[in-house]
Every structure is written in C-alpha cells, then in structure tokens.
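Please read the structure below before turning to the comments.
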Amino acid sequence: MGIVTRFAPSPTGYLHIGGARTALFNWLYARANGGKFLLRIEDTDRERSTDAATQAIFEGLKWLGLNWDDEAYSQFARKDRHAEIAHAMLGSGHAYKCYATKEDIEAFRASPEGKYGSFQSPWRGADPATAPDAPYVIRLKAPRDGVMEITDEVQGRVKWKSAEFDDMILLRSDGTPTYMLAVVVDDHDMGVTHIIRGDDHLINAGRQSLIYHAMGWDVPVFAHIPLIFGDDGKKLSKRHGATGAQEYRAMGYLPEAMRNYLARLGWSHGDDELFTTAQAIEWFDLSGINKAPSRFDFKKLDNVSKHHIETAPDDVLIAGLQDYISSQDREPLSEDAIEKLKTVLPIVRERSKKLPDLLDKSRFILQARPFAPDENDAKHLNSVFNGILKRLTPQLAQVTTWSKEELETLFRDFAQTEGLGLGKIAQPMKVVLSGTTKSPSTFDMMAALGKDETLARIKDTLATM
RNA sequence: GGUCCCUUCGUCUAUCGGUUAGGACAUCUGGUUUUCAACCAGGAAAGAGGGGUUCAACUCCCCUAGGGACUACCA
C-alpha cells in the first residue's frame with residue numbers, strides 16, 4: 001500500500017513557521033517513499049475560518065515549494081459525511097445522544113467535583129424513551145476501563161487509562177462535526193497512512209484511536225513531532241521575530257535554504273548540516289526525528305542561507321531575487337538588469353547571506369552613471385586621491401587585456417611606484433566605481449564594468465572633485 | 001490539580017552499553033585581506049540532580065527538579 005501523508009492546518013491566520021515545518025516533514029516523508037502528500041483545510045470552525053487565511057496558507061506552502069497532491073480538501077465541505085459516521089456510531093452503540101445543555105456543563109465545571117473530573121453525561125446510559133424533544137449532541141461512548149495504547153514513531157509507546165478520556169462530542173447540537181470526529185473520518189477516507197503532526201496532538205492520538213476502533217478502521221501510523229520555540233525557549237511568537245512563513249520570503253531567504261534549515265530543526269541525518277532538497281528527500285526518515293523541542297536560531301538560518309546563495313544555480317537565484325522583489329512590492333528586474341546581474345553573480349554571491357545582499361552588492365552594475373558617492377564614503381575622494389587618479393588613468397587607458405588579473409597587477413605596480421599600500425588606491429577606487437566601499441572587489445568590478453564604463457566613471461568622478 | 005511528553009557544549013545536533021562524548025552555528029584568539037556580514041588556523045564549551053541494573057551507562061529502570069502539551073458544542 002502506498003504511503004499517504006497530509007498537512008491539516010486550520011485557516012485562522014497565516015502559515016506559521018512551525019506549521020511549515022510540519023508540512024515539510026509530511027512532504028519529505030511522502031516524497032521519500034513515493035507516496036502522496038495531501039492538504040486538508042480544517043475549516044469546521046466557521047467563526048474563525050477565513051478565505052484569506054486559506055489563501056495565505058496556500059501561498060506559504062507554494063513559496064516553500066511544498067506542492068501537494070490532488071486538490072486541497074475542505075473539511076467543512078465534508079460535514080455530511082462526518083454526520084453520517086456519527087450516526088453510524090449511534091447505531092452501533094458506540095455513541096449516544098446527550099441532551100445536557102451548555103449551562104448544565106458550565107454548572108458542573110463550577111461545582112467542586114467539576115474541578116477534577118471531566119463532565120459525565122447523565123444521558124450515557126439513559127433510556128431513549130426518556131429523551132426530551134430538545135437539541136442534543138452526539139457523544140462518543142468512551143470505554144470506562146482498560147488501557148489505550150498507541151505506538152508513535154517519534155515518541156515511542158504511549159498509553160493512557162481509558163478512563164482519562166471523556167465522552168467527547170462528535171456532532172454538535174447544530175449538526176456540525178467537531179474536530180475529533182472530522183479528522184478521523186477525513187484521514188480514513190483520504191487513505192492517510194501516516195499522521196505527522198505537532199506533539200500538542202499526542203493525547204488526541206489516543207482519543208482518536210477510540211473512534212478508529214469504534215468504526216473498525218485501521219489506525220494510521222502516528223509521528224508526533226516536538227514544537228519549535230523561540231531562542232529563549234518560550235513559545236515562538238512575534239517577539240522573537242518572524243512567525244509567518246511569508247515573512248521569511250520578505251526577509252530574503254531562499255525557499256531551498258528554508259527547507260534545509262527547517263528540516264535540520266528537529267531532524268538529523270548524522271552530521272549533515274548543509275544539503276539540497278533532493279538529498280533531504282533521499283535521507284528523510286521518521287527515525288531521524290528528535291523527541292525534544294528545538295529553538296529557532298536566526299544566526300544558523302543565516303549561515304544555511306549563505307550556503308544556498310553561494311551554491312544555487314543562476315536561474316534559481318534570479319527567480320529568488322524576482323520573488324523577493326515582488327514581496328517588497330517593487331518593480332521586477334528588467335531583462336537588461338537580469339543580464340547584467342548574471343555577469344556579476346559569481347562575484348556577488350560569495351559574500352551574501354540573504355537575497356537583498358545580492359542586490360546591494362550588484363548596485364554598481366545596475367546603477368547608471370553618473371551617480372553621487374554615498375555620504376559616508378565621499379571622504380575617500382579627497383585631493384590626494386585626485387592626484388593619484390590623474391596619474392593612474394592614463395595607464396588604465398592603455399591596458400589592452402582588461403582582466404581582473406591584469407588590472408590587479410597594474411594596481412600593485414602603480415601602488416609601489418606611488419609608495420603606497422594597495423588599499424590606499426583600491427579602496428577609493430571602489431567609491432569611484434560603485435559609490436561605496438561596501439562593494440565587491442575593485443578588480444572584479446572593473447572587469448565586470450568593462451574598460452569604457454570604468455574610464456567613464458573615473459571621468460565622472462574627476463569632474464566633481 | 002490530573003494525565004501525557006521532553007532534558008548532551010549558549011544554540012541545532014551525533015552517539016543507539018565500551019568514544020580522549022564528534023560535527024555545525026555562535027563565541028574567543030591568531031593569521032590573511034582592497035571593504036566585509038568574507039576566508040584560513042587554533043581554543044574554550046555539554047550528558048539537569050540523585051538512586052539503581054550491569055564487568056561497563058549519555059545510552060536501560062526508578063525518583064526529584066525544570067520545561068512543555070492536553071484537560072472546549074477550538075482546531
């Protein structure tokens with residue numbers, strides 16, 4: 001039987017980075033085993049679910065490259081099927097109608113015994129003949145004794161006394177299903193074989209097993225993965241930086257880097273730190289998932305990001321750049337800009353951590369002359385350098401082989417005859433060429449710019465000094 | 001409160017009874033350099049605490065402490 005995994009977020013907000021990792025694990029596991037990765041929107045809570053949130057989740061997953069198989073399922077759309085199962089359980093005696101009102105339950109909770117135990121419906125064993133003509137919910141008739149045990153691929157064997165579970169509501173008084181019922185029915189109908197989800201659902205695995213057993217369905221394999229915390233060990237929140245997957249897009253991380261970092265957070269394959277998505281798919285296994293929660297570390301993310309920016313193919317980088325730019329609501333790069341960018345990618349990608357760094361470093365090739373130097377770097381263009389530039393320019397004009405190596409040799413020789421360190425000349429030259437010293441290597445820039453453009457920029461500078 | 005889960009360097013982690021407890025990020029020191037959020041070399045840094053089991057425990061068991069989840073007609 002083929003493997004089927006699923007990601008089942010509720011559409012009440014953007015795609016949380018923790019949810020994104022859960023989705024990634026499910027996706028990785030399905031892809032690693034030639035199975036299917038399904039997406040189901042848990043929208044049975046009509047109060048809190050919104051279309052905008054659903055779209056945000058789609059967008060987040062797409063950005064991360066976690067493509068799902070089939071159409072996304074809507075849990076709400078399947079409510080009739082859920083009700084059907086609830087009634088089937090009623091018929092088989094695994095569930096019963098409960099006429100207790102919300103007020104009854106609240107009163108119970110407020111009472112002394114309500115502090116300890118969960119609500120025990122008086123209708124559990126009641127004679128149907130005594131039933132009032134009033135709204136009711138359908139509750140599961142949970143076993144009162146025995147032990148419920150599950151085997152979790154991450155947590156191992158976990159068991160509870162059945163008495164721990166209350167008679168949970170399956171169908172609300174308005175006829176809509178609760179989450180507990182809906183997940184089980186949907187996972188069963190969708191043929192889900194492996195449920196990989198946050199360990200906040202661990203106890204639910206026990207509860208849900210009750211329903212599987214009642215229906216005589218096969219219980220899927222569970223894998224409850226620990227949560228992601230902020231760097232202080234507290235629940236990840238806005239305070240720690242970004243919690244939404246899309247925010248990472250806006251910060252300029254490559255999806256490939258996010259997949260790498262997120263996969264490594266809570267999962268490991270020996271000492272491998274930096275890997276491609278193809279490798280992750282090849283290596284991914286449930287046994288590599290850690291049981292302890294992990295903390296989100298931006299410094300490490302940056303390091304992973306840097307590696308992917310260094311190694312990504314040009315077209316991936318360009319696509320990432322365009323995507324980043326659109327996330328900033330800026331005009332996309334023109335064909336001309338892309339062509340220019342491609343010529344300098346080899347020299348700007350090496351020292352960049354994030355996508356915007358690439359843009360900053362490429363400024364010299366993208367900006368048209370003449371341009372003014374940055375305020376902080378204008379000081380390099382002083383009178384001393386003016387003299388140096390005037391003596392250097394004729395030599396530059398005579399260069400026949402305009403290459404990085406030739407240029408560097410020329411500069412070194414020139415610096416020597418001037419009795420200066422190379423930095424005294426190369427550094428201000430950066431300002432001439434790019435307007436700032438925070439730029440790629442002087443010689444890389446000159447080579448990329450070409451002789452004519454270089455000379456023209458020198459001329460521009462001389463004219464303003 | 002109850003039930004369940006978790007606990008190796010600051011952080012992410014390797015180890016699956018026998019290792020000088022390894023790697024990565026961060027950090028520190030030195031070097032290199034035309035800027036640096038770059039590079040090179042080196043250093044410091046960990047099994048929460050206490051009991052067992054065993055020839056041998058980070059690894060298995062128990063207790064304690066700390067952290068977390070759940071305890072809805074939310075998902």
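B:C60 and B:C6 have their P atoms separated by 11 Å, with the value rounded to a whole Å. B:A21 and B:U8 have their C1' atoms separated by 8 Å, with the value rounded to a whole Å. Straight-line distance between the C1' atoms of B:G68 and B:G30: roughly 43 Å, to the nearest whole Å. With both ends at atom C1', the span from B:A14 to B:U53 equals 26 Å, rounded to whole Å. Between the P atoms of B:C58 and B:G17, the separation comes to 13 Å (whole Å). Going from the P atom of B:G10 to that of B:A48 covers 12 Å, rounded to whole Å. B:C61 sits 23 Å from B:G2 when the P atoms are compared, rounded to a whole Å. Atom P of B:A24 sits at a distance of 10 Å from the matching atom of B:A41, rounded to the whole Å.
Across the interface with RNA chain B, nearest-nucleotide mapping of A:Asn290 and A:Cys98 shows A:Asn290 to be the residue nearer the 5′ end. Annotation: of the two residues near RNA chain B, A:Phe296 and A:Lys300, the 5′-most nearest-nucleotide partner is A:Phe296.
Base engagement by A:Val137 is indicated by at least one non-hydrogen atom pair under 4.0 Å involving a base atom. Counting non-hydrogen atoms under 4.0 angstrom, A:Thr437 reaches a base of the nucleic acid. Nucleic acid contact class of A:Lys306 (heavy atoms, under 4.0 Å, all strands): sugar-phosphate only. At the heavy-atom level, A:Lys353 lies under 4.0 Å from the strands shown only through sugar-phosphate atoms. Residue contacts shown for A:Arg351 include a base, since a base heavy atom lies under 4.0 Å away. Residue contacts for A:Lys161: at a heavy-atom cut-off of 4.0 Å it reaches no nucleic acid atom on any strand shown. Counting non-hydrogen atoms under 4.0 angstrom, A:Glu350 reaches nothing in the nucleic acid.
For A:Asp174, the CG atom counts as densely surrounded, since its 6.0 Å shell holds more than 12 non-hydrogen atoms of other residues, nucleotides or ligands. For A:Gln395, the CD atom sits in a packed shell: over 12 heavy atoms of surrounding residues, nucleotides or ligands are nearer than 6.0 Å.
Atom-to-atom, CD of A:Glu47 to P of B:C73 comes out at 15 Å; the value is rounded to the nearest Å. Atom CD in A:Gln155 sits about 6 Å away from atom C1' in B:C5, given to the nearest Å. For A:Leu140 and B:C73, the CG to C1' distance is 15 Å, given to the nearest whole Å. Rounded to whole Å, the distance from NZ on A:Lys235 to C1' on B:A69 is 10 Å. Put simply, CZ on A:Phe76 is 12 Å from P on B:A75, counting in whole angstrom units. In this entry the distance linking CZ of A:Arg109 with C1' of B:A72 reads 6 Å, nearest Å.
Panel note: side chain A:Lys141, backbone A:Tyr96; no donor-acceptor pair is recorded below 3.5 Å.
The aromatic rings of A:His269 and A:Trp283 sit parallel, their planes meeting at an angle under 30°, below the 60° perpendicular limit.
A donor-acceptor contact under 3.5 Å is formed by the side chain of A:Thr442 with the base of B:U34. Put simply, the side chain of A:Arg207 and the base of B:U71 share no donor and acceptor less than 3.5 Å apart.
Aromatic pair A:Phe37/A:Tyr29: ring centres not closer than 6.0 Å.
The pairing partner recorded for B:A48 is B:U64, the criterion being a Watson-Crick or G-U wobble arrangement whose two distances lie under 3.5 angstrom. Base-pair partner of B:A41: B:U29 (Watson-Crick or G-U wobble, both distances under 3.5 Å).
Remark: A:Thr178 is not in phosphate contact with B:A75, judged by side-chain N or O atoms under 4.0 Å from OP1 or OP2. Side-chain N/O atoms of A:Ser268 include one lying less than 4.0 angstrom from OP1 or OP2 on B:A14. Residue A:Thr436 places no side-chain N or O under 4.0 Å from the OP1 or OP2 atom of B:U35.
Both the sub-6.0 Å distance and the 45° axial angle are satisfied by A:Arg46 relative to the ring of A:Phe76.
Taken residue by residue, residues 250-266 of chain A places heavy atoms nearer than 4.0 Å to RNA chain B at A:Arg264, A:Leu265, A:Gly266.
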All N/O donor-acceptor pairs, side-chain side in residues 421-431 of chain A, below 3.5 Å, sequence neighbours left out:
none

What verdict does the salt bridge (Lys or Arg N to Asp or Glu O under 4.0 Å) test give for A:Glu106 and A:Arg109, after you've listed the backbone C-alpha separation in whole Å, the side-chain angles of each residue and the deciding distance to 0.1 Å? CA-CA 5 Å; A:Glu106 271 168 35; A:Arg109 292 230 168 80; over 6 Å; no

Evaluate salt bridge (Lys or Arg N to Asp or Glu O under 4.0 Å) for A:Arg6 paired with A:Asp186, printing each intermediate quantity in order. CA-CA 10 Å; A:Arg6 50 61 157 188; A:Asp186 289 348; over 6 Å; no

